[in-house]
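Beneath this line is the structure, given in C-alpha cells, with notes to follow.
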Amino acid sequence: MKTIVSGIQPTGSLNIGTYLGSIKNFVKLQQKYSDHHFYLFIADLHAMTTPIDAKKLRKKIKELAALYLACGLERDNLSLFIQSEIPAHSQMGYLLQCFTYMGELERMTQYKDKAQKQSEGIRSSLFTYPALMAGDILLYDAEYVPVGDDQKQHLELTRNIAERINQRYGEVFKVPKPLIPKIGARIMSLTDPMRKMSKSDENVKSRINLLDEENIIRKRIKSAVTDSDQTVRYDKQNKPGLSNLFDIRIAITDESVKEIEDAYADKGYKDFKEDLGEIVVNELLPIQKRYRELLDSGELDQILDEGKQRAEKIAAEKIDSLNRILGLGRKRKQKG
Ligand code: AMP
Ligand code: TRP
C-alpha cells in the first residue's frame, strides 16, 4: 500500500500557520488519497534538539496528539503515533547520518536560524536533525510528505540521501515527494507579514493559536498589520499583510481571490477583517470542543497504541532489511 508520512514537533502552541500549512492539508489529503495509508507522528525526538523541560514535553505530546485528531483526521487509514515510542526512528536517524555530509547539513537554513538563537550552546542533534527527519520518512517508504514551505529543503535532502543509498545498494528506498499546499504553505506573522507565523515568536499578537478563545481570535485579526489603503485586493508585493489574511481565508473556505475581491468591492478592511474573524472562529471552535473531549478520554491512548503497533512493525522490518543490506551484524536466515 502507498504511504504518506508527516510529523509535527510538540513544542510551543499550535497556531493556524501549522494548522493550515500542515494539519488541514493532511485532512484534505486523506480524502483525496483514501487508498493510501497515513503515518502521522508527534516528533518528540526532534523536540530534544533544543532545550525543553521534561514535564512540559510530556504534556505537549498528548495535547498535540489530541489536537491532531480533533482537526478531523479520518481514523481508518491512519496510524497516529509518538516518534520516540518506536526505537527504529533513532536507529534509522543514525544510519542515515552515515550517508549525510557535513556540507549538506551546513547548508540547511533552519539549522542556521535556530543555531543563532541557542544561548546554552548548539546541540549536535540540531545539526544532524535532517538525517533523523529523513529517517522518519524513509522508514515507511513514503510516497508523499505533506509539509509547509519551510520543510522543503529538508525534503530535498531526504531525496538526495535516498537516491545516494539506492545508487550504491540497489532499490532500498522509495524517493518521497513533498506535498506543499498552494495556499497556506506559508502563513505569515500578523504583526510582521514579512516573517513566518511561528510558535516561538515572543509576540503573542503575531499568531492565532488553535486553542485561543473566541474574543482573542477576533482581536488578533482586527489588529493584524495591514497597509493604509482600503481596497480589498490580493497583492503580495504591496499588500503583504492583507494578502496573508486572504491566504488564511482561502485556506479555510477554498474561495477564489476574485470571489473575495468582488464581495468586498464596496467594502473596506474593517468588514473584511470582521468576516475573517467569524470564519476563523467557526473553523476553530468545533476543533476546540473535540479537543477537550478527546484529551480526557481513554480513546486517545487507544488510538496511539494502535498507531504504534502498526508503525512499529513496518519500521522494524525496514531496519532489519537495511542492516542486512549494509552488512551490519551477523548473517541470519531471512524470516518467512
Ligand atoms: P512545526 O510546527 O514547526 O513542527 O511545523 C509543523 C508543520 O507545519 C510543518 O509541515 C511546517 O512546514 C508547517 N508550518 C509551520 N509554520 C507554518 C506557517 N507559518 N505557515 C505554513 N505552514 C507552517
Ligand atoms: N521537521 C519538521 C518540522 O519541524 C517535523 C518533522 C519531523 C517532519 N519529521 C518529519 C515532517 C517527517 C514531515 C516528515 O516541522
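Atom set for the values below is all heavy atoms of this structure, side chains included, hydrogens, waters and symmetry mates excluded. Starting from 1, each residue takes its place in the sequence as its number. Each ligand, and each atom within it, is numbered from 1 in the order the structure gives.
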> Nearest to atom 5 (C) of ligand 2, what protein heavy atom do you find, and at what distance?
Replying inline: Gly7 O, 3.5 Å
> Nearest protein heavy-atom contact for atom 20 (N) of ligand 1: which residue, which atom, what distance?
Replying inline: Ile187 N, 2.8 Å
>> Counting non-hydrogen protein atoms only, what is the nearest one to atom 7 (C) of ligand 1? Give residue, atom name and distance.
In response: Ser22 CB, 3.5 Å
>> Would you say Asp136 and Gln83 are linked by a side-chain donor-acceptor pair, where the criterion is simply a distance under 3.5 Å?
In response: yes
> Can you list the ligand 2 atoms lying under 4.0 Å from a non-hydrogen atom of Val147?
Replying inline: 11 (C), 13 (C)
> So, the side chain of Gln167 versus the backbone of Arg164: is there a donor-acceptor pair under 3.5 Å, distance only?
Replying inline: no
>> Within the 3.5 Å criterion, strictly below it, is a donor on Gln302 or Glu306 matched to an acceptor on the partner's side chain?
In response: yes
> Counting heavy atoms only, which of Tyr140, Phe41, Tyr129 is nearest atom 10 (C) of ligand 2?
Replying inline: Phe41
> Would Asn244 and Asp247 count as having a side-chain donor-acceptor pair, cut-off 3.5 Å?
Replying inline: no
>> Tell me the nearest of Leu20, Leu64, Thr18, Ile42 to atom 6 (C) of ligand 1, using heavy-atom distances.
In response: Thr18
>> Checking a contact table here: which protein heavy atom is nearest atom 12 (O) of ligand 1, and how many Å away?
In response: Asp150 OD1, 2.3 Å
>> With heavy-atom distances below 4.0 Å as the criterion, list the atoms of ligand 1 near Gly21.
In response: 21 (C), 22 (N)
>> Out of all atoms in ligand 2, which are within 4.0 Å of some heavy atom of His46? Include the element for each.
In response: 7 (C), 9 (N)
> Counting both backbone and side chain atoms, is some N or O of Met197 under 3.5 Å from an N or O of ligand 1?
Replying inline: yes
>> Heavy atoms only, cut-off 4.0 Å: how does Lys199 contact ligand 1, side chain, backbone, both, or neither?
In response: side chain
> Which ligand 1 atoms are under 4.0 Å away from a heavy-atom of Gly184?
Replying inline: 20 (N), 21 (C), 22 (N)
> Is there any N or O on Gly17 that sits under 3.5 Å from an N or O of ligand 1?
Replying inline: yes
> Counting only N and O atoms by type, is there a donor-acceptor contact under 3.5 Å from the side chain of Glu283 to the main-chain atoms of Ile252?
Replying inline: no
> With a distance cut-off below 6.0 Å to the six-membered ring centre and an angular limit of 45° from the axis, does Lys273 pair with Tyr269 as a cation-pi contact?
Replying inline: no
> Are Ser22 and Ile8 close enough, and set up right, to give a side chain to side chain contact (heavy atoms under 4.5 Å, CB included), and what steps lead you there?
Replying inline: CA-CA 9 Å; Ser22 171; Ile8 297 193; 3.7 Å; yes
> Hey, would you say the His154 and Tyr129 ring centroids sit under 6.0 Å apart?
Replying inline: yes
> Salt bridge or not for Glu293 and Lys289, using N-O below 4.0 Å?
Replying inline: yes
> Counting only heavy atoms, which portion of Ala43 has something under 4.0 Å from ligand 1: side chain, backbone, both, or neither?
Replying inline: neither
> Side chain, backbone, both or neither: which part of Gln83 has a heavy atom under 4.0 Å from ligand 2?
Replying inline: neither
> When rounded to the nearest 0.5 angstrom, what is the spacing between CG in Leu155 and CG in Leu179?
Replying inline: 9.0 Å
> Rounded to the nearest 0.5 Å, how far does CG of Leu69 lie from CG of Leu40?
Replying inline: 8.5 Å
>> Give me the nearest non-hydrogen protein atom to atom 9 (N) of ligand 2 as residue plus atom name, then the distance to 0.1 Å.
In response: Asp136 OD2, 2.7 Å
> Which ligand 2 atoms does Val145 reach within 4.0 Å, using its non-hydrogen atoms?
Replying inline: 13 (C), 14 (C)
> Quick one: nearest non-hydrogen protein atom to atom 15 (O) of ligand 2, plus distance?
Replying inline: Gln151 NE2, 3.2 Å
> For ligand 2, is any non-hydrogen atom under 4.0 Å from Leu132's backbone (N, CA, C, O), its side chain (CB onward), both, or neither?
Replying inline: neither
> Numbering the atoms of ligand 1 from 1, which are under 4.0 Å from a heavy atom of Gln9?
Replying inline: 4 (O)
> What do you reckon, are the aromatic ring centroids of His89 and Phe81 less than 6.0 Å apart?
Replying inline: yes
> Which atoms of ligand 1 sit under 4.0 Å from any heavy atom of Val147?
Replying inline: 10 (O)
>> Atom OH of residue position Tyr169 - does it have more than 12 heavy atoms of other residues, nucleotides or ligands inside 6.0 Å?
In response: yes
> Of all the atoms in ligand 1, which lie at a distance below 4.0 Å from a heavy atom belonging to Gln151?
Replying inline: 12 (O)
> Hey, do the aromatic rings of Phe272 and Phe246 have their centres closer than 6.0 Å?
Replying inline: yes
> Tell me, which protein residue and heavy-atom name are nearest atom 10 (O) of ligand 1, and how many Å apart are they?
Replying inline: Gly148 N, 3.0 Å
> Less than 3.5 Å between some nitrogen or oxygen of Ile8 and one of ligand 1, yes or no?
Replying inline: no
